[in-house]
Amino acid sequence: MERKRITEIDALRGIAAVIVVIYHYTFHYNERFGHVKPDYNTTLFDFGHYGVQLFFIISGFVIFMSVSRGKSALDFMIKRTFRIYPAYIFAIILTFLVLGKSGIDINRTFFEAIINFTMFQEFFGVRNIDGVYWSLRVEMTFYLMMAVVLYLGAKNRVMLVSIAMLAGGFFIQIMNDRVGGDFWTTMERFSTANYVQMFVIGIMFYCIWQHGPKIKYMSLVVVSILYDFVFEGLTNGMFTLLFIAIFGLVLAGKMKWLNNRFLLFLGSISYPLYLVHQNIGYAMIREMEKFGMIHELWILVPLFLSIALSVLIVKYVEVPVQNLLYKKYKAYRDKKSAPIVPGTNEVA
């Protein structure tokens, strides 16, 4: 019997999103544009970008939950499309308009904005409207992998699927390291070879949650950790261990304090917050610093405004558009699957 979703995971997603936001507003902004304040302190959030790893582990867990309950590859991809595109398209439009009016040195063309609507812009060699969109390419590639799993009827062969993912990533990384060249560099970038271990860890945690800490699941988590240390380095591996420990405590019911209204609220807006915070926030910081608002605490202004904007996106874009699309899709699917009554032209 399938177990219900763990709400603490939504809280973790919210925490990860806020950590990434603060990293961008402190360390990354300073690295890219330079804060006006000469002694701007970014040390505390230098490692904030590793929060994306937690996103990928969560995605492995949650997406494989959907795959395990999925009816078909087409149904899975349609529902994923409904989930991720409404807020994403709105974020592109809003970010493009803000960048066009701001004085920050981030220039994007109308053509690039249009291609960004596909979410496959990096495959076409087109720049992202916002830098954070790179992770959506990784997520989309993972979704396509899972769609293939559903198409092949392999969703119950989770160990084989996970081993194949790691083996494929291993082969591509080895070939890029030993052979090199544009082909293998491109393969490494677009195959998710650098992040496949995170998704596998998430998948294994889903299996542990459903079936208990069996040796085969735990063993593949260990293999994924080794993969991470070997190919992504010591610091990356240490953060992966940290996130695994946190995730393990969540599954063991030891992190119930995460299940509070504020953190769950952050989790509920984490996707639009991730989409809109970076370049719009950078434009806001640039304008604030022109007016002498240069202390580190001033980043709370773009943070709170990004949160407020995310709330509006959820309320007026994401939820209503998703509900409309799901309703129309369900009606179409029900109509298509309904039997034809003999002797009539009507659908029963």
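Contact annotation: the side chain of F239 approaches that of L242 to within less than 4.5 Å [non-hydrogen atoms, C-beta and beyond]. Side chains of M140 and R80 form no contact here, defined as non-hydrogen atoms less than 4.5 Å apart. Using a 4.5 Å heavy-atom cutoff, the side chains of M288 and H295 are not in contact. Residues L144 and M77 are in side-chain contact: their nearest non-hydrogen atoms beyond the backbone lie under 4.5 Å apart. Proximity of R108 to R127: side-chain heavy atoms (C-beta onward) are separated by under 4.5 Å at one or more points. In this structure, R83 and Q322 have side chains that are in contact, with non-hydrogen atoms separated by less than 4.5 Å. Side-chain atoms of E139 and S59, non-hydrogen and from C-beta on, do get closer than 4.5 Å to each other. Between F45 and H24 there is no side-chain heavy-atom pair separated by less than 4.5 Å.
Under the 3.5 Å distance criterion, the side-chain polar atoms of Q197 are matched with a main-chain donor or acceptor of N194. Under the 3.5 Å distance criterion, the side-chain polar atoms of R13 are left unmatched by any main-chain donor or acceptor of Y271. In this structure a side-chain-to-backbone donor-acceptor pair under 3.5 Å is missing from E112 to I129. Panel note: side chain H277, backbone L273; a donor-acceptor pair is recorded below 3.5 Å. Between the side chain of N116 and the backbone N or O of N128, no donor-acceptor pair lies under 3.5 Å. Side chain of T95 to main chain of I92: no donor-acceptor pair is present (N/O by atom type, distance under 3.5 Å, no hydrogens or angles).
Judged as a ring-ring contact (aromatic ring centres under 6.0 Å, His included), and not counting sequence neighbours, the contacts of Y133 are Y88. With sequence neighbours excluded, no residue forms a ring-ring contact (aromatic ring centres under 6.0 Å, His included) with Y217. Taking the ring-ring contact (aromatic ring centres under 6.0 Å, His included) definition, one finds that F170 meets it with F231, sequence neighbours left out. Every residue meeting the ring-ring contact (aromatic ring centres under 6.0 Å, His included) condition with F55, not counting sequence neighbours, appears here in chain and number order: Y274. When the side-chain hydrogen bond (donor to acceptor under 3.5 Å, both in side chains) test is applied to E31, no partner is found at least two apart in sequence or on another chain.
Among residue pairs with one or both ends in residues 244-258, those qualifying as side-chain hydrogen bond (donor to acceptor under 3.5 Å, both in side chains) are E8-K256; sequence neighbours excluded. Within the structure, every pair that satisfies the side-chain hydrogen bond (donor to acceptor under 3.5 Å, both in side chains) test and touches residues 298-313, not counting sequence neighbours, is listed here: Y25-S306. Applying the side-chain hydrogen bond (donor to acceptor under 3.5 Å, both in side chains) rule to pairs touching residues 46-58 yields T42-D46, Q53-N236, Q53-T240, sequence neighbours excluded.
Residues L312 make up the rest of the hydrophobic cluster containing Y316, defined by ILVMFWY side-chain heavy atoms closer than 4.5 Å, directly or through other members. Side-chain contacts under 4.5 Å among hydrophobic residues (ILVMFWY), followed directly or transitively, place I294 together with V36. Applying the 4.5 Å side-chain rule to ILVMFWY residues, one finds V148, L152 in the same cluster as Y151. Clustering of Ile, Leu, Val, Met, Phe, Trp and Tyr by side-chain heavy atoms under 4.5 Å joins F183 with F171, I172, M175, V179, W184, M187.
Going from atom CZ of F265 over to atom CG of N260 covers 12.0 Å, rounded to the nearest 0.5 Å. Considering CG of D10 and CD1 of I15, their distance stands at 11.5 Å, rounded to 0.5 Å. In this structure, the separation between CE on M146 and CD1 on I63 is 9.5 Å, given to the nearest 0.5 Å.
The aromatic rings of Y195 and W134 sit tilted relative to each other, their planes meeting at an angle between 30° and 60°.
Counting non-hydrogen atoms of other residues, nucleotides and ligands closer than 6.0 Å to CD1 of I215 gives a total of 12 or fewer. Atom CZ of R157 sits in a sparse spot, with 12 or fewer heavy atoms from other residues, nucleotides or ligands closer than 6.0 Å. Other residues, nucleotides and ligands place no more than 12 heavy atoms under 6.0 Å from the OH atom of Y332.
Of the charged side-chain nitrogens involved, none lies within less than 4.0 Å of a carboxylate oxygen, so that K37 and E289 do not count as a salt-bridged pair.
Side-chain polar atoms of E296 and N41 form no donor-acceptor pair below 3.5 angstrom. Judged by distance alone, the side chains of R286 and Y29 do bring a donor and an acceptor atom under 3.5 Å apart.
Listed here is the closest heavy atom pair of P86 and L325: CG-CD1, 4.4 Å.
Screening Y282, Y40, F27 for a ring pair (Phe, Tyr, Trp, His ring centres under 6.0 Å) involving F33 leaves a single residue, Y282.
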